[in-house]
Amino acid sequence: MDMEKVYNSKEVEKKWSEYWIENKTFSAKIDKNKKPFTIVIPPANVTGSLHMGHALNATLQDIVIRFKKLQGYNTLWVPGTDHGGIATQNVVEKLLKKEGITKYDLGRDKFLERMRQWINEAGDAILEQLKMIGCGLDWDRVAFTMDESRSKAVKKAFIDLFDKGLIYKGKRLVNWCSRCGTALSDIEVEYDDEKSNLWHIKYPLKDSDEYIIVATTRPETLLGDTAVAVSPDDDRYANLVGKTLKLPLSGREIKVASDYIVDKSFGTGAVKVTPAHDAADNEIAKRNNLETIEVVDINGKMINVPEKYLGLSVEDARKEVVKDLEEAEFLIKVEDYNHSVGRCYRCSTKIEPLMSEQWFLNVGEMSKKAVDAANEAKTVFHPHSWKKPYVLWLENLRDWCISRQIWWGHRIPVYYCVSEKGKRKDCKPIASFERPKECPCCKGDKFVQDEDVLDTWFSSALWPISVFGWGENENSEDLKYFYPTSVLATGHEIIYLWVARMAQFGLEFMKDAPYKDIFIHGIVRDKRGKKMSKSLGNAVDPRDIIEKYGTDSLRFALAQAAVPGRDMQISDESFLSARNFANKIWNAARFILMNLEGIDKLDEEIKPCELADEWIIAEVENTFAKAQAAYDTYNIDAVSRELYDFFWTKYCDWYIELSKIRMTSPDVSLKRQALSILVYILKRALQLLSPVMPFITSEIWQILNKDEKIIAESVFPKIKTSGFAESLEKMRTVQDIIIKIRTLRSEMNISPVVQIEALFNVLDDNKEKTAKENEGYIKQLAKISSIQFGKNIERSKNSALAVASGFEIFLPLEGLIDIEKEKARLAKEIALAKREVERTTAKLSNESFMKRAPKAEVEKIQARLNDAALKIEKIDESLKFLG
RNA sequence: GGGCAGUUAGCUCAGCUGGAAGAGCAUUUCCCUUACAAGGAAGAGGUCGCGGGUUCAAAUCCUGCACUGCCCACCA
């Protein structure tokens with residue numbers, strides 16, 4: 001088998017991503033003998049294309065799925081896309097604009113047709129990209145939030161909630177985006193600080209010279225004021241409560257009300273109350289039975305105001321009103337003021353709170369159930385710190401405005417009975433899958449459907465049940481087997497928008513939370529810590545990274561940075577380092593395969609024959625345990641680091657290097673012996689790495705085991721403790737000797753290729769045994785030609801000294817040594833040892849420490865002191881000897 | 001206003017059930033030692049944001065404070 005010197009990701013990736021799909025490696029069937037492990041993908045917007053955030057999210061889920069599969073679970077990861085409501089409609093509207101038309105020119109039906117057509121053309125891009133990065137999704141189960149089955153689920157959920165009386169229609173104050181032309185829910189509004197002014201306006205008392213000054217950021221809505229409110233415990237205004245004021249510019253009479261929400265220390269302590277255009281004012285109005293006057297309509301134009309302001313935009317009206325107030329001497333002063341302004345999360349247009357007839361979902365009970373599920377640890381956040389904000393949000397949730405005045409989406413399945421002429425009758429509206437045949441109250445047979453569509457998040461909230469066919473059969477076998485899902489992986493930006501609502505709907509319709517674990521990962525940021533976004537121009541396209549470094553590198557770099565709940569800064573260096581790791585894996589495999597040439601089939605059972613064998617087996621067991629524990633708690637970053645360290649530092653730098661002694665031995669049985677361990681460890685490492693780096697590991701695995709199952713379908717072997725733990729300590733001794741010699745050589749500038757002799761003055765008999773048994777290791781890795789062991793060995797003037805634990809090591813360096821340099825080096829060493837003696841002595845002479853510290857700790861410190869003292873003694877002797 | 005997270009080597013970050021400070025990248029020296037120069041060996045570089053406290057012992061636990069970031073809030 002020929003392997004290229006440098007790992008070439010392109011061919012390998014193409015081969016495997018196609019293989020997994022063609023062979024349905026990740027297609028899941030119900031198997032009652034196996035435990036299911038289920039994930040539903042957060043459905044990306046159909047119009048989207050893969051960005052780093054998706055790549056991270058998908059990689060993490062894929063890692064978990066592949067890992068669980070190796071553990072023997074019947075895993076299922078369901079793919080799909082979201083129709084994306086307003087966002088998607090906006091994209092198509094922009095396309096139309098380029099053609100010089102609007103959606104109204106087309107009309108609803110034609111426009112929707114146009115949208116579907118466009119989605120057919122562009123819609124699969126994101127799924128194709130998920131295939132590209134190797135996602136082990138079940139491609140037989142691709143779902144779309146607006147396909148037939150999902151549409152049924154939406155209708156079913158709506159009708160159910162409607163019939164339970166939880167969905168109702170009403171005229172309420174809502175967040176209105178005049179650009180998108182629709183109402184939005186509370187969480188679809190994003191708040192931003194904006195420089196503005198605080199206008200202080202005089203409101204005169206009726207039939208009096210007295211007045212109240214109010215401070216406001218929205219002078220134009222003054223025309224819709226129906227009261228001025230003050231704090232109940234504000235002495236300044238106590239005598240004015242209940243009195244009548246004359247509204248400036250209009251002369252309309254309004255009352256002075258008192259309400260607890262008013263903060264007497266803010267502004268003037270008096271608030272103008274505009275119930276139709278401010279949420280807080282709306283609450284005040286309810287508590288005080290105030291009238292509601294709408295002065296801004298859904299197009300952002302003034303209505304119900306004196307003629308001169310009628311039809312003006314909010315901005316123009318503000319200018320006019322301020323000018324007029326100033327002229328009429330109502331305006332007292334204008335302050336600079338920063339306050340936060342709500343903006344549409346899809347188009348950033350300023351949100352206008354206004355009264356509008358909308359559908360609402362009463363979420364009170366559902367929220368309680370979701371809170372309980374979190375409190376009873378039926379749903380668990382990773383990291384845990386997200387639970388609190390999640391619960392707080394649910395507890396303070398107001399009814400959800402679920403209707404949108406756009407065309408793209410699930411049309412609300414409510415029908416109104418109308419007369420022959422199309423006039424709506426007084427009959428009760430009917431929620432139904434189909435257009436009703438007959439009105440139950442008037443027997444009429446003519447109906448019109450509600451014009452609005454549902455918030456796109458309504459269908460997203462049903463995702464974990466709708467993907468299993470809940471809309472068609474709420475007792476489907478899939479639901480019974482795969483629901484609730486095992487874990488939901490998502491960034492924190494959609495915890496409220498999506499995660500919380502899935503919990504509510506899952507508990508409502510299935511009596512069970514839709515997922516057990518919630519794995520919250522961070523957001524990918526650029527090198528400078530800025531969030532990646534198209535508009536900032538700092539977005540890194542994962543496809544470029546794949547092109548440059550390979551998919552496994554992309555995945556490994558993301559995995560390594562994925563500390564639960566923390567945002568990550570990622571740059572080219574991260575991918576480069578991951579790419580180097582992939583190459584390291586490739587070359588380790590190449591070394592082994594090279595040596596396997598001409599070797600007959602190795603035994604399955606491994607027979608460790610020497611220290612390094614036992615040691616690497618003990619190490620792989622440790623790594624396995626650590627990685628498994630980290631996988632189970634979604635510490636993918638820890639997994640990656642653990643595996644990196646094991647593979648590179650332990651396996652490559654030590655074990656493979658030591659194995660070369662047997663590889664180059666003329667005795668083929670020795671070579672076979674070492675190879676069997678090399679292959680065994682490589683296979684274990686490949687399996688552990690395969691969830692993170694599926695391509696390269698699949699390829700090597702296949703080259704290694706031509707006839708076996710592919711790695712993705714392999715299962716972890718039951719690893720029982722080998723009992724080689726004591727080899728770790730012995731290996732440490734050997735490594736210490738090797739490192740000490742290498743350091744000495746390096747500091748004395750001895751070329752790494754020159755073979756030299758070594759004298760070991762033994763200070764510890766046990767360690768002598770270990771060193772003697774493994775003399776070959778020391779010779780091989782420290783480039784030593786021969787070792788002479790002994791006691792009280794005299795050093796020669798031409799030698800350098802290293803004190804390892806258990807030995808004085810002399811390297812006779814005839815003609816190579818510079819005595820002065822050696823003395824300086826030893827002086828430095830001795831200084832270090834002296835500091836150690838001071839530290840440890842201080843501890844040991846501390847009575848409290850001796851009395852209270854555990855025995856093992858005291859012994860440890862004592863041992864350190866002994867080592868250091870011995871070192872000083874030996875170096876001292878040496879120095880004296882050198883003169 | 002409330003909540004959450006962060007502050008550790010030049011940079012990006014681990015370590016935080018308390019017992020001698022770690023990795024990658026960058027950097028210095030040596031090495032093209034046939035798996036890998038996308039590599040190997042060795043080194044330099046840190047009073048772990050600041051102040052208190054608990055403890056024999058604190059990067060790690062508690063408590064203030066500062067700064068940074070994020071989220072929530074009826075900031076007129």
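Below, all heavy atoms of this structure are taken into account, side chains as well, without hydrogens, waters or symmetry copies. The sequence lines fix the lettering, A, B, ..., with proteins before strands; numbering per chain opens at 1.
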Exercise for review: Using a heavy-atom cut-off of under 4.0 Å over every strand shown, decide if A:Val214 touches base, sugar-phosphate, or nothing.
Suggested key: nothing
Check your understanding: Does a side-chain N or O from A:Lys272 land closer than 4.0 Å to OP1 or OP2 of B:A76, or not?
Key -> no
Practice item. Please work out if A:Thr217 contacts a base, only the sugar-phosphate, or nothing of the nucleic acid, heavy-atom cut-off 4.0 Å. Key: sugar-phosphate
Practice item. Tell me what A:Glu857 touches on the nucleic acid: a base, only sugar-phosphate, or nothing, going by heavy atoms under 4.0 Å. Key: base
Exercise for review: Quick one: do A:Glu4 and A:Arg590 satisfy side chain to side chain contact (heavy atoms under 4.5 Å, CB included)? Show the steps, please.
Suggested key: CA-CA 8 Å; A:Glu4 296 285 329; A:Arg590 203 161 73 94; over 6 Å; no
Review point. Taking A:Ser574 as the fixed residue, which of A:Asp572, A:Leu576, A:Ile570 is the one that meets the side chain to side chain contact (heavy atoms under 4.5 Å, CB included) rule?
Key: A:Ile570
Exercise for review: Using only heavy-atom distances, decide whether a donor-acceptor pair under 3.5 angstrom links the side-chain of A:Arg742 to the base of B:A42.
Suggested key: no
Point to revise | Pair assignment for B:G64, Watson-Crick or G-U wobble, requiring both distances under 3.5 Å | key: B:C50
Exercise for review: May I ask you to say what A:Arg590 touches in the nucleic acid, namely base, sugar-phosphate or nothing, with a heavy-atom cut-off under 4.0 Å?
Suggested key: sugar-phosphate
Review point. Who is the Watson-Crick or G-U wobble partner of B:U17, with both distances under 3.5 Å?
Key: none
Check your understanding: For A:Glu657, which contact category applies under a 4.0 Å heavy-atom criterion: base, sugar-phosphate, or nothing?
Key -> base
Practice item. Give A:Trp648 one of three labels, base, sugar-phosphate or nothing, depending on what nucleic acid heavy atoms sit under 4.0 Å from its own. Key: sugar-phosphate
Exercise for review: May I ask you to say what A:Tyr191 touches in the nucleic acid, namely base, sugar-phosphate or nothing, with a heavy-atom cut-off under 4.0 Å?
Suggested key: nothing
Exercise for review: Heavy atoms only: give me the nearest A:Glu547-A:Lys10 pair and the separation to one decimal.
Suggested key: O-NZ, 3.2 Å
Check your understanding: How many Å lie between CD on A:Gln862 and C1' on B:G19, as a whole number?
Key -> 16 Å
Review point. So, do A:Phe695 and A:Tyr7 sit near enough that their side-chain heavy atoms are less than 4.5 Å apart?
Key: yes
Review point. Within the structure shown, what part of the strands sits under 4.0 Å from A:Pro854 by heavy-atom distance: base, sugar-phosphate, or nothing?
Key: base
Review point. Rounded to whole angstroms, how far apart are CG on A:Asn846 and P on B:U55?
Key: 14 Å
Exercise for review: Report yes or no: do A:Asp645 and A:Thr649 form a side-chain donor-acceptor pair below 3.5 Å?
Suggested key: yes
Review point. Is a donor-acceptor pair below 3.5 Å formed from side chain A:Ser746 to base B:C30, judging by atom type as modelled?
Key: no
Check your understanding: Counting any heavy atom closer than 4.0 Å, what does A:Asp653 reach on the DNA or RNA strands: base, sugar-phosphate only, or nothing?
Key -> sugar-phosphate
Exercise for review: Write down the distance separating the C1' atoms in B:G46 and B:A21, rounded off to the nearest Å.
Suggested key: 8 Å
Review point. Under 4.0 Å between a side-chain N/O of A:Trp393 and OP1 or OP2 of B:G3, yes or no?
Key: no
Exercise for review: Have a look at A:Ala279 and say if it touches a base, only the backbone sugar-phosphate, or nothing, with a 4.0 Å heavy-atom cut-off.
Suggested key: nothing
Check your understanding: Any side-chain N or O of A:Thr268 under 4.0 Å from OP1/OP2 of B:A76?
Key -> no
Check your understanding: A:Glu836 near the nucleic acid: base, sugar-phosphate alone, or nothing, with a heavy-atom cut-off under 4.0 Å?
Key -> base
Check your understanding: Looking only at side-chain N and O atoms, does A:Gln560 come under 4.0 Å of OP1 or OP2 in B:G24?
Key -> no
**Study point:** Residue pair A:Glu838 / A:Thr841, side-chain donor-acceptor N/O under 3.5 Å
**Key:** no
Exercise for review: Determine the contact category for A:Val753: base if any of its heavy atoms lies under 4.0 Å from a base atom, sugar-phosphate if only primed atoms, P, OP1 or OP2 are that close, otherwise nothing.
Suggested key: sugar-phosphate
Exercise for review: Could you check whether A:Lys851 gets within reach of a base, just the sugar-phosphate, or nothing at all, counting any heavy atom under 4.0 Å?
Suggested key: nothing
Practice item. Grab the CD-P distance between A:Glu194 and B:A76 for me, whole Å please. Key: 12 Å
Exercise for review: For nucleotides B:G22 and B:A44, find the distance between their C1' atoms and express it as a whole number of Å.
Suggested key: 16 Å
Review point. Side-chain donor-acceptor pair under 3.5 Å between A:Glu335 and A:His200, yes or no?
Key: yes
Revision key, fill the gap. Ranking A:Phe591 and A:Lys828 by the position along RNA chain B of their nearest nucleotide, the one closer to 5' is A:Phe591
**Study point:** Assigned partner base of B:A38, Watson-Crick or wobble definition, under 3.5 Å
**Key:** none
Practice item. Would you kindly give the CZ-to-P distance between A:Phe647 and B:G24, to the nearest whole Å? Key: 16 Å
**Study point:** Mate of B:G24 where both pairing distances stay under 3.5 Å, Watson-Crick or G-U
**Key:** B:C11
Check your understanding: B:G22 phosphate, OP1 or OP2: any side-chain N/O from A:Arg641 under 4.0 angstrom?
Key -> no
Practice item. Say whether A:His382 and A:Asn635, considering side chains only, have a donor N or O and an acceptor N or O under 3.5 Å apart. Key: no
Exercise for review: Send over the distance from A:Asn580 CG to B:G24 C1', rounded to a whole Å.
Suggested key: 10 Å
Review point. Starting at CE of A:Met3 and ending at C1' of B:A38, how long is that distance when rounded to a whole Å?
Key: 15 Å
**Study point:** Euclidean distance, atom CZ of residue A:Phe581 to atom P of B:C25 [Å, nearest integer]
**Key:** 12 Å
**Study point:** Watson-Crick or G-U counterpart of B:C4, or none if no pair lies under 3.5 Å
**Key:** B:G69
Point to revise | Residue-phosphate contact under 4.0 Å: A:Arg852 side-chain N/O, B:C56 OP1/OP2 | key: yes
Check your understanding: Using a cut-off of less than 4.0 Å, is there contact between a side-chain N or O of A:Lys5 and OP1 or OP2 of B:U34?
Key -> no
Review point. What distance, rounded to whole Å, do you find between the two P atoms, one in B:A66 and one in B:A57?
Key: 29 Å
Exercise for review: Would you mind telling me which residue lines up with the more 5' stretch of RNA chain B, A:Asn587 or A:Gly269, judged by nearest nucleotide?
Suggested key: A:Asn587
Review point. Out of A:Met355, A:His277, A:Glu220, which residue meets the side chain to side chain contact (heavy atoms under 4.5 Å, CB included) rule with A:Val296?
Key: A:His277
Point to revise | Watson-Crick or G-U wobble partner of B:A58, both distances under 3.5 Å | key: none
Review point. Can you find a side chain N or O atom of A:Lys660 that sits less than 4.0 Å from OP1 or OP2 on B:A35?
Key: yes
Exercise for review: Starting at atom NZ of A:Lys286, determine the distance to atom C1' of B:C74, rounded to an integer number of angstrom.
Suggested key: 11 Å
Exercise for review: Would you please confirm or rule out a distance under 4.0 Å between OP1 or OP2 of B:A35 and any side-chain N or O of A:Lys584?
Suggested key: no
Review point. So what does A:Arg566 hit on the nucleic acid, given a heavy-atom distance under 4.0 Å: a base, only sugar-phosphate, or nothing?
Key: sugar-phosphate
